[in-house]
Each structure stands twice: as structure tokens, then as C-alpha cells.
2 protein chains.
Amino acid sequence: MNIKEIAKLAGVSKSTVSRVLNNSSLVAQDTRKKVLDIINESGYLPNSIARSLKVKKTKTIGVIVPDIGNPFYFEVLRGIEKVLDKKGFNIMLCNSEYDEEKELRYAYLLAAKKVDGIICAPCSESSKAVQNLCKWGIPFVVFDIPQVNLATNLVVVDHSECSYLAAKHLLENGHTNILSIDVPNPQKIESKFVLGYLKALREYNILPKPELIQKASPDITGGYSIIKKLNNQKVYFTGVITICDLVAVGVYKAAKKLGLKIPDDLSVVGNDDIPLARYLNPPLTTIRQPKYPLGFRSAKLLLSQIESKSGTEPYDCTQGQPTIIKLGVRLIQRCSVKRRN
Amino acid sequence: MNIKEIAKLAGVSKSTVSRVLNNSSLVAQDTRKKVLDIINESGYLPNSIARSLKVKKTKTIGVIVPDIGNPFYFEVLRGIEKVLDKKGFNIMLCNSEYDEEKELRYAYLLAAKKVDGIICAPCSESSKAVQNLCKWGIPFVVFDIPQVNLATNLVVVDHSECSYLAAKHLLENGHTNILSIDVPNPQKIESKFVLGYLKALREYNILPKPELIQKASPDITGGYSIIKKLNNQKVYFTGVITICDLVAVGVYKAAKKLGLKIPDDLSVVGNDDIPLARYLNPPLTTIRQPKYPLGFRSAKLLLSQIESKSGTEPYDCTQGQPTIIKLGVRLIQRCSVKRRN
DNA sequence: TTTTGTAATGGGAACGGTACCAAAAAATAT
DNA sequence: ATATTTTTTGGTACCGTTCCCATTACAAAA
């Protein structure tokens with residue numbers, strides 16, 4: 001069933017049917033009604049893929065995140081969805097699983113599918129996918145991880161501030177041997193997270209110990225295995241800061257296994273403030289990320305980019321100043337940190 | 001940049017370019033190389049939307065769930081993604097937010113976008129969306145909620161078994177005043193969840209009390225507010241079974257607020273076994289749903305349906321026997337239930 | 001009556017691919 | 001050298017819309 005058949009049934013041309021479909025004003029009242037009736041009783045639904053081909057708009061946005069299983073990204077997604085849905089955009093969700101190769105494949109796929117724009121949380125600071133997005137002239141915004149060497153529109157949080165706040169909180173509570181669990185990064189340069197950690201240590205005149213600067217996959221098993229490993233190596237620490245709450249959960253799990261009490265034997269401060277952080281045992285002290293706003297602002301930014309795009313020309317991401325939106329974080333004190341003397 | 005321009009640059013016809021794109025065997029080695037070179041250096045990417053229009057396949061699957069925020073659905077989604085990704089399908093994710101109207105809108109949208117198939121967890125047992133999917137001839141499978149009066153392909157768990165197991169566990173532990181928190185359903189008939197609960201009571205010769213059969217929205221606030229409400233009304237119960245772990249979390253929250261200790265003052269058994277259930281305080285005893293398998297099997301089933309579809313004709317969901325896959329559940333005992341005498 | 005203007009409709013060329021069929025070129029057989 | 005087969009290529013209709021342009025119908029003005 002297509003527009004031509006509807007036209008024939010209604011005894012009009014397909015131009016006219018198209019006009020009622022897009023409710024153009026220049027179609028007579030009774031013609032419109034007649035066509036509408038035919039459409040309803042036939043169960044016809046317009047092929048938006050054909051439409052997209054013609055109008056060069058798909059009304060869909062691609063979203064690439066490393067792990068939707070992580071409540072952090074999920075909350076961001078909610079923010080994104082909120083604004084896009086209101087504007088009639090659909091979301092094509094892609095889960096890169098922290099795999100650069102997969103991320104790139106998805107970017108390619110979304111580009112080929114001619115999505116109107118892309119929101120991406122790349123796995124690394126020099127994401128090949130983002131570079132390509134730029135090259136292909138697709139409107140996009142990246143969040144969470146800033147891109148190096150690329151003037152992209154950005155919605156971020158300062159990761160160094162998170163770790164700084166977290167470490168400082170532990171230092172203020174008398175901890176001096178603090179383990180930092182970051183996510184592995186392929187870059188040679190020290191990550192922002194470690195930088196913030198080091199800054200806090202410096203302020204307290206504490207020399208960083210290399211064995212306390214660790215990396216793990218950003219999930220429960222990541223946190224779990226790092227604690228187990230360090231325990232085997234007899235590395236000493238009384239506090240932990242983690243790159244995300246999920247690895248804090250892993251730390252909890254390991255602590256339980258090893259018979260370590262939190263916060264008595266081990267203090268931990270997470271990062272994200274996922275919804276379930278307050279229900280953990282004990283409730284997790286953490287740095288709250290503006291998750292929903294991150295998504296909300298990213299989507300808004302992308303939409304403005306799409307709207308400003310002139311006609312059908314590809315979007316040139318190098319022209320004009322990139323917009324950079326930096327959102328704040330704050331410490332949420334709960335019960336996973338204990339004062340030491 | 002389109003196929004025609006590439007053809008011109010390579011000095012061949014667009015047929016030939018199309019052939020190398022779809023790596024057809026009947027193109028000479030050096031022609032192929034020449035075309036490939038041009039493609040690479042020009043950064044051309046084929047428009048899959050145009051392709052889809054012609055071949056009548058989009059290689060994308062629509063997924064409609066009531067709440068991706070619920071780890072239950074998320075786990076299902078992972079299962080879906082696993083099989084679809086391997087077969088080169090993309091996922092278009094839609095969040096109906098337990099809103100029938102929104103669910104229907106999404107179904108329409110996905111149909112218009114000509115997705116190759118749809119996996120749907122409808123909000124109700126007589127989803128208008130599912131009925132339409134049937135009418136429109138789109139391959140689909142529904143999971144989690146069976147459809148009444150509609151012979152659809154199904155991947156489900158017996159909800160009555162879940163509540164039966166949960167209630168029985170409490171009964172075995174000496175509880176006689178058990179609160180059942182179900183999700184509101186628009187149907188007149190008693191829900192499966194309540195049915196299983198009643199069955200367990202009957203086996204123990206306990207008369208059901210209407211005030212202990214409650215409904216709440218399937219999220220944290222739902223569980224929270226129902227407990228608060230019943231507490232105000234001085235309704236007495238020592239055990240709770242919930243339709244999902246998220247409302248159990250809400251129960252925890254309310255208990256804390258009201259100074260009730262779990263499990264000493266209140267025993268609770270959840271349903272789903274979300275990843276964080278074991279990390280709650282106390283760890284939640286719950287009925288484990290086969291979440292990942294639910295998604296995995298649904299996707300497999302859908303794929304087989306799509307593959308068996310002959311050519312371009314719409315899929316007729318009334319012909320042939322529907323496949324119904326029923327998966328089992330089991331009780332996971334943790335620490336939220338206490339024995340009473 | 002003829003002209004002019006406006007509202008409503010139809011015709012047909014795109015959009016960017018695919019795929020069938022025919023034609024040309026190259027390889028092989030006669 | 002010609003006939004035949006096989007390999008490689010080009011031409012073009014089509015997928016289902018939109019949208020520009022032309023045409024028609026009809027009312028109001030000249």
C-alpha cells in the first residue's frame with residue numbers, strides 16, 4: 001500500500017494525497033476528508049524512509065555510549081530522550097562497550113543511515129569515530145570525554161574536579177594512603193582523574209605512591225579484581241576513590257569477601273551517584289555527576305546545531321567557535337567514609 | 001557525494017560502483033581496486049536509506065520497553081543486542097514509560113520507518129500497539145506480558161509462578177500477613193501476579209485480605225509510597241512480595257524512614273534479581289527472572305521470523321502456530337526474609 | 001463577454017541507490 | 001578467421017515520497 005494506490009482509491013493525484021499527509025493548506029475541505037477516510041480505512045502508513053530520501057531528513061538522532069548498563073549513561077540517556085522526544089526525534093542507541101573499533105563501526109553505520117545528528121560519549125580522548133563525524137559533516141556533540149585536538153561542541157564535567165573533591169574528602173578525614181581507581185586510557189598523558197587526585201595529595205604534602213594509582217574496567221568486576229589484586233600484593237591503603245560508582249560496588253564486594261568492613265577498615269568514595277548508591281550497604285559517599293543535565297544539555301546543543309544548519313550542505317564543525325558547556329559536581333556525603341586519627 | 005559522482009570519478013558506470021560496494025564477484029580486479037581507491041580518498045559513504053528504499057530492508061529492529069531505567073529491561077536489552085549485533089542489525093530503542101498512548105505512537109513510528117521487525121514489552125495485556133503490529137504485517141515478538149486474544153509469538157515467564165514462589169517462601173517462614181504489591185493493570189481480570197499470590201495463600205489455608213493486595217507504579221517511588229500509605233492506615237503485615245526489585249528498593253526506603261528494620265520488622269522478597277539486589281542492605285531475597293535469556297530468545301525468535309518471511313509480502317501473524325517460549329524462574333535466598341514463630 | 005486573479009489539482013522530475021537486461025570485450029573453441 | 005562462450009560493463013526502470021511547475025476551475029473585476 002503506497003501513496004499512489006491511495007490516490008487511485010480516492011480518485012485524486014498523489015500530489016494531493018501528499019498534500020493532505022503533510023497537511024498543506026491548499027487542498028479543499030471535502031477532498032481532504034475523502035482522502036483521510038481512505039487512508040484510515042485502508043490502514044495505509046506513509047513510508048518515512050522514502051520521505052527521508054527526498055527531504056534529506058530522518059528525524060532520528062544517533063546516540064553512542066560505552067555502556068548503557070551503567071546507570072550513569074542511562075540517566076544521561078533519559079535527559080537526551082526528554083528533549084528529543086518532545087521535538088519528535090527518534091533515538092538510535094548504540095552501545096560501544098568501550099570498544100573503539102565498535103564505536104567507529106557504529107559511527108559509520110549511523111552516518112550511512114543519515115541520522116540528523118549524533119550524541120557521543122567516546123571511549124577515548126582521541127576517538128577515531130568523532131574525527132570521522134567531523135569529516136563527514138554530521139552535526140554532533142560529545143559529552144563526558146573531551147576530545148583532544150578537535151574543536152567539538154562539548155558538554156562535560158571536569159573529571160579532575162571529581163577526583164580532587166573525592167580525594168580531599170578522604171584527606172580531610174585523616175586518610176593518607178588513598179587508592180585511586182581510574183579507567184584505563186590509551187593516551188600517554190596522565191588522565192584528568194589522576195591529575196585531580198595528585199593535586200589533592202599535593203595540597204596535603206603527601207607523596208603519591210605509584211602502586212596506589214590503578215586502572216580498572218569501569219564496572220563491578222573491575223573494582224572487585226583490583227582490590228583482590230592489591231590485597232594479594234599486600235598493598236596498604238585505608239581509602240579508595242573510584243572513577244564511577246559501579247567500581248565502588250566492586251570494591252564493596254571485594255571488601256566483603258576479604259572480611260574488610262566499610263567504612264571501618266576501608267573508606268570509599270564513588271563517583272556518579274547512581275540511584276542505588278544510597279541503598280548500598282553502607283550507603284555510598286560519592287561525587288554526584290549531573291547526569292540528567294548532561295544529556296539534556298547535549299541534546300539541546302545538538303538540536304540548535306541541527307536547526308542552524310543551512311539547507312542540505314554538510315555541517316562544517318571547524319567553522320565558528322565550538323560551544324563548551326561545563327557542568328559542576330558536588331560531594332554527597334553518606335556513610336562509606338570514616339574519620340581516622 | 002553519491003554513487004554517481006564516484007562513478008564519474010572512477011570512469012565507470014554507477015552499476016559497477018554498486019557492484020563493488022556489494023562486493024559482487026563479477027567485477028574485474030583492477031576496476032574494483034580503482035573504484036575502491038576513489039571511494040576511500042573521497043570519504044564517500046553509501047546512503048543506506050536509499051538502499052533500504054530499494055531493497056525493502058532496513059537492517060534495523062525496533063524495541064519498545066516500558067522503562068529502560070529499570071535494570072530488568074536493560075538486562076533484556078543486552079540479550080537482544082547480543083544476537084542482533086552479531087547479525088548486523090541495529091536497534092531503535094523506544095521507551096514507552098508505561099504509557100499506552102506513547103507505546104502506540106512508537107509502534108506507528110517504527111512501522112513507518114520500515115524496521116524489519118519489532119520486539120515489544122507492552123504495558124498491558126491488550127496493547128493497541130501490538131494489535132496494530134499484527135495488522136500492519138510487521139514481524140514482531142512480544143515478551144514479558146502475554147497478549148490476550150492474540151496469537152502472537154511470545155517469550156515469557158509465568159508471573160503467577162513468581163508471586164507463588166515468593167509468597168510460599170514467606171509462608172514457609174511463618175508469615176501470614178503478606179502484602180502483595182503488583183503493578184496496576186487496566187484489565188478487569190485479576191493479574192497473574194495476584195493469582196499466584198492467592199494460590200500460595202490458599203495452600204496455607206489463609207484468607208486473603210483485600211487491603212493486602214495493592215498496586216503501585218513499578219519503580220522506587222511506587223514501593224515507597226505504598227508502604228507509607230499502609231503505615232498511615234495502620235494496616236498490619238510482616239512480609240511483602242513485590243512485582244519487581246525496584247519497588248522492593250522503595251519498600252526498603254520507606255522502612256528506613258519509618259524505623260522498621262528489614263528483615264526483623266519486615267521481610268521482603270523482590271522479583272527480577274537486578275544486579276544490585278545483592279548489594280542492598282540487607283541483600284535482597286528475590287525471584288530471579290531470566291532477563292538476559294528473555295532478550296536473547298526474543299531476538300532469536302524474531303530473526304527466524306524475519307528470515308522465514310517470503311520476499312516482500314507483509315508478514316501474516318495469524319497464519320501458523322505462534323511460538324510460545326516459557327522460561328523458568330527461581331528463588332534466590334539472601335537476607336531480607338526472617339523466620340517468624 | 002473577456003480578462004485577471006486565486007484556489008485547487010495534476011504531471012513529472014528528482015532523491016540515491018539496486019538489479020535486471022542488453023551490449024561490449026575478452027577468452028576460447030571451431 | 002569466424003563462431004561461441006564467458007567475463008565485464010553500461011543503460012535504465014524502479015523503490016515511495018516531495019515539490020516545483022503547469023493546468024484547470026471558478027469567481028470577481030473590467
Side-chain angles (χ1 to χ4, degrees), chain A residues 1-36 38-39 42-60 109 111-116 136-137 311-314, chain B residues 1-36 38-39 42-60 109 111-116 136-137 311-314:
Chain A
M1 184 66 64
N2 60 27
I3 203 173
K4 211 159 156 188
E5 297 182 53
I6 296 293
K8 193 183 297 174
L9 285 173
V12 296
S13 73
K14 60 201 182 94
S15 304
T16 302
V17 178
S18 175
R19 270 185 284 257
V20 340
L21 249 23
N22 297 283
N23 42 42
S24 151
S25 57
L26 8 78
V27 42
Q29 270 310 317
D30 43 351
T31 319
R32 154 163 291 132
K33 186 175 179 322
K34 188 171 55 181
V35 172
L36 244 28
I38 300 281
I39 286 176
S42 70
Y44 160 74
L45 37 103
N47 185 326
S48 47
I49 190 179
R51 171 166 216 284
S52 291
L53 178 61
K54 180 63 187 175
V55 303
K56 292 168 177 301
K57 275 181 193 136
T58 51
K59 276 287 183 178
T60 109
L109 226 108
K113 280 203 194 294
K114 301 292 163 193
V115 295
D116 294 336
W136 294 329
T312 68
E313 287 134 50
Chain B
M1 184 66 66
N2 59 27
I3 201 173
K4 212 159 155 189
E5 297 181 52
I6 296 295
K8 194 184 295 173
L9 285 172
V12 296
S13 73
K14 60 200 184 102
S15 306
T16 302
V17 177
S18 174
R19 271 185 284 256
V20 340
L21 249 24
N22 297 284
N23 43 42
S24 148
S25 57
L26 10 77
V27 42
Q29 270 310 316
D30 41 351
T31 319
R32 153 163 292 132
K33 186 176 178 323
K34 187 170 57 183
V35 173
L36 243 27
I38 300 281
I39 287 176
S42 69
Y44 160 74
L45 39 103
N47 185 328
S48 45
I49 218 176
R51 170 166 215 284
S52 291
L53 179 61
K54 179 65 184 175
V55 303
K56 293 169 176 302
K57 276 184 193 135
T58 51
K59 275 286 181 179
T60 108
L109 225 109
K113 281 204 193 295
K114 302 291 164 193
V115 294
D116 295 336
W136 294 328
T312 69
E313 287 134 49

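Owing to the predicted nature of the structure, the values given are computational and were not obtained by experimental measurement. Chain letters run A, B, ... following the sequence lines, proteins first, then strands; residues in each count from 1. Atoms considered below: every heavy atom in the structure, side chains included; atoms not considered: hydrogens, waters and symmetry mates.
- Here Thr60(B) pairs with Met92(A), Lys113(A), Thr58(B), Asn90(B), Val115(B) under the side chain to side chain contact (heavy atoms under 4.5 Å, CB included) rule; sequence neighbours left out.
- Of all heavy-atom pairs spanning Ser48(B) and Ala112(A), the tightest one is OG-O, 2.8 Å.
- For the side-chain contact (heavy atoms from CB on, under 4.5 Å) test with Val17(A), the passing option among Thr31(A), Val12(A), Val27(A) is Val12(A); the others fail.
- Between Ile49(B) and Leu53(B) the shortest side-chain heavy-atom distance does not fall below 4.5 Å.
- The salt bridge (Lys or Arg N to Asp or Glu O under 4.0 Å) pairs that include a residue from residues 22-35 of chain A are Lys33(A)-Asp37(A), where partners are two or more places apart or lie in different chains.
- Axis angle, first five pairs versus last five pairs of the helix from dT1(C)-dA30(D) to dT30(C)-dA1(D): 60°, rounded to 10°.
- Applying the side-chain hydrogen bond (donor to acceptor under 3.5 Å, both in side chains) rule to pairs touching residues 2-17 of chain A yields Ser13(A)-Thr16(A), sequence neighbours excluded.
- Once you apply a 4.0 Å limit to the heavy atoms of chain B, the touched nucleotides of DNA chain D run 5' to 3' over dT8(D) to dG16(D).
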Atom pairs under 3.5 Å, N or O on each side, protein against nucleotides 6-8 of chain C: can you list them with distances?
none

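- Looking at Lys114(B) and Ser52(B), their side chains never come closer than 4.5 Å, going by heavy atoms from C-beta outward.
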| note | With sugar-phosphate taken as primed atoms, P, OP1 and OP2 and all else as base, the protein-contact string of nucleotides 16-28 of chain C at under 4.0 Å (heavy atoms; B, S, -) is BBBB---------
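- Residues forming a side chain to side chain contact (heavy atoms under 4.5 Å, CB included) with Leu9(B) (at least two apart in sequence, or on another chain): Ile38(B).
- Shown here are the side chain to side chain donor-acceptor pair (under 3.5 Å) partners of Asn47(B), two or more places apart in sequence or in another chain: there are none.
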